[in-house]
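Residue numbers start from 1 in every chain, and the chains themselves are labelled A, B, ... in the order their sequence lines are given, proteins ahead of strands.
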Amino acid sequence: MYDFEYQRATSVEDATAKYGAAEDARFLAGGMTLVPVLKQRLDQPSDVVDLGDLDDMRGISEEGGAIVIKAMTTHHDVNTSDLVNNKIPALAALAGTIGDQMVRNRGTIGGSLANNDPAASYPSAVLALNATIKTNAREISADDFFTGMFDTALDEGELILAVSFPIPEESGYKHFPNPASRFPIVGSFVAKSSDGVRVAITGAGPCAFRVTEFEDALSGGFDPDAIRDIKVSDDGLNTDIHASAEYRAHLINVMTRRAMGE
Amino acid sequence: MPSIKMTVNGKEVSGEVEGRTLLVQFIRDHLGLTGTHVGCDTSQCGACTVHVNGRAVKSCSLLAAHADGADVQTIEGLADGDTLHPMQEAFRQHHALQCGFCTPGMVMSAIGIVNDNPEPSETEIREALEGNICRCTGYHNIVEAIGAAAKEMKA
């Protein structure tokens, strides 16, 4: 790992000020991606601004029909939160599938979303639940947030503070794990609310995306049979040693039906 | 160079580290506590597992400076004199190790599992051990040891 200037933020304002003053800084949340990336010399920032002391960036609350999860909340805390388990159980269950015990004790929802790994689980929940990402500058809707592989709508130095998930009537998440890494080869999050049905997929493309053919079909009746015969195009899907684009397209249908309890 | 202080196995320790110094390097190289192992160095094998503020973490994926002010427990801090921690004793009784390389991480991870779930089923133990790799045992005796230790720790 190349060396860098380590800085510890005392507040959100202090974090963004330190970031802005540095030549080429990175925010450090749980470090479950950033530290391995630095160790492999895939990145060489001048400064790392550690958010670990910002306790007011942790916590889960219910606000006006939504569950608000602050950015530095760990996967373990989402997985074991009574509030999340009561209101959006699929989201709590999803958090329990990320990495392993030790990763869930450190990794954060804000870090995962800012990183936007193509196989990250959270982006599918954010998209399907039509969440809003609150940053230190603005609010970004889920549909505008994920812009490409490891790319988001966040501006340079913009910091995620919290994610607000509207509580759905019903939701579910299932993924087909890579047998070695356990990352989703394809994961599907399905959410039904008074505004209709939203289906979001992770692992299959450069970043999470919605499947509007499924959404339209399910809006007529929330039944897995409604999508059974819909073939999703494999155009633009990922192909690697683990799965071809064609296989991923097939899994999108299967995982979505399983997310609905089939 | 960040100067850091933390509590390791109940003792106050301090040191000067580089920003890039990992917690496991601080524990092994600065403090000489070599029971915490580096296996894969890519945050997959779990041999480096320690507890930070009561939670199991992979110390090869944490900056030492990030743990400034934290309460850290390593494998060396478990036994009470000659009396092994119930998890260590269960690993001994059930022969839950062969070469022993992964064992410190397995034991620290196993205690984290039981702390979160005092009565884990065999399936739950196997799933919760996902972050720890053992290349000798086939896991069978490790899973038995953790189940036995859970009963002992509850008693």
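- B:Gln25 is linked by a side-chain contact (heavy atoms from CB on, under 4.5 Å) to B:Thr21, B:Leu22, B:Asp29, counting only residues two or more places apart in sequence or in another chain.
- The interface of residues 75-101 of chain B with chain A, defined by heavy-atom distances below 4.5 Å, is empty.
- Between A:Asn85 atom CG and A:Leu91 atom CG the span is 9.5 Å, to the nearest 0.5 Å.
- Applying the 6.0 Å contact sphere to CZ of A:Phe183 captures no more than 12 heavy atoms from other residues, nucleotides or ligands.
- Proximity to chain B (any heavy atom under 4.5 Å) is restricted, for A:Asp50, to the side chain, taken from C-beta onward.
- In this structure, the separation between OH on A:Tyr247 and CD1 on A:Ile185 is 7.0 Å, given to the nearest 0.5 Å.
- For A:Arg258, the CZ atom is loosely surrounded, since the number of other residues' heavy atoms within 6.0 Å does not exceed 12.
- Between the side chains of A:Thr10 and A:Asp53, no donor-acceptor pair of N or O atoms lies under 3.5 Å.
- For A:Arg104, no part lies under 4.5 angstrom from a heavy atom of chain B.
- For chain A, the nearby part of B:Asp116 is the side chain; its heavy atoms alone come within less than 4.5 Å.
- Between the OG atom of B:Ser109 and the NE2 atom of B:His51 there is a distance of 7.0 Å, given to the nearest 0.5 Å.
- Between A:Asp77 and A:Lys70 no salt bridge is recorded (no basic side-chain N to carboxylate O distance below 4.0 Å).
- Chain B is approached within less than 4.5 Å, heavy atom to heavy atom, by A:Leu28, A:Ala29, A:Gly31, A:Met32, A:Val35 from residues 26-35 of chain A, ordered by number.
- Of the atoms belonging to B:Ser61, heavy atoms from both backbone and side chain fall under 4.5 Å from chain A.
- Ring geometry for A:Tyr122 versus A:His75: interplanar angle of 30 to 60°, hence tilted.
- In this model, a donor atom of one side chain and an acceptor atom of the other lie less than 3.5 Å apart for A:Thr256 and A:Ser188.
- Chain A is approached within less than 4.5 Å, heavy atom to heavy atom, by B:Ala128, B:Glu130, B:Gly131, B:Asn132 from residues 124-146 of chain B, ordered by number.
- Checking side-chain atoms of A:Arg248 against main-chain N and O of A:Gly203 turns up a donor-acceptor pair under 3.5 Å.
- Without hydrogens or angle criteria, A:Thr74 side chain to A:Arg106 main chain gives no donor-acceptor distance under 3.5 Å.
- One finds the CD atom of A:Glu23 at 15.0 Å from the CZ atom of A:Phe4 (value rounded to the nearest 0.5 Å).
- Taking the centre and axis of the six-membered ring of A:Tyr2, the NZ or CZ atom of B:Arg20 falls outside the cone set by 45° and 6.0 Å.
- The OG1 atom of A:Thr16 sits 7.5 Å away from the CG atom of A:Leu159 when rounded to the nearest 0.5 Å.
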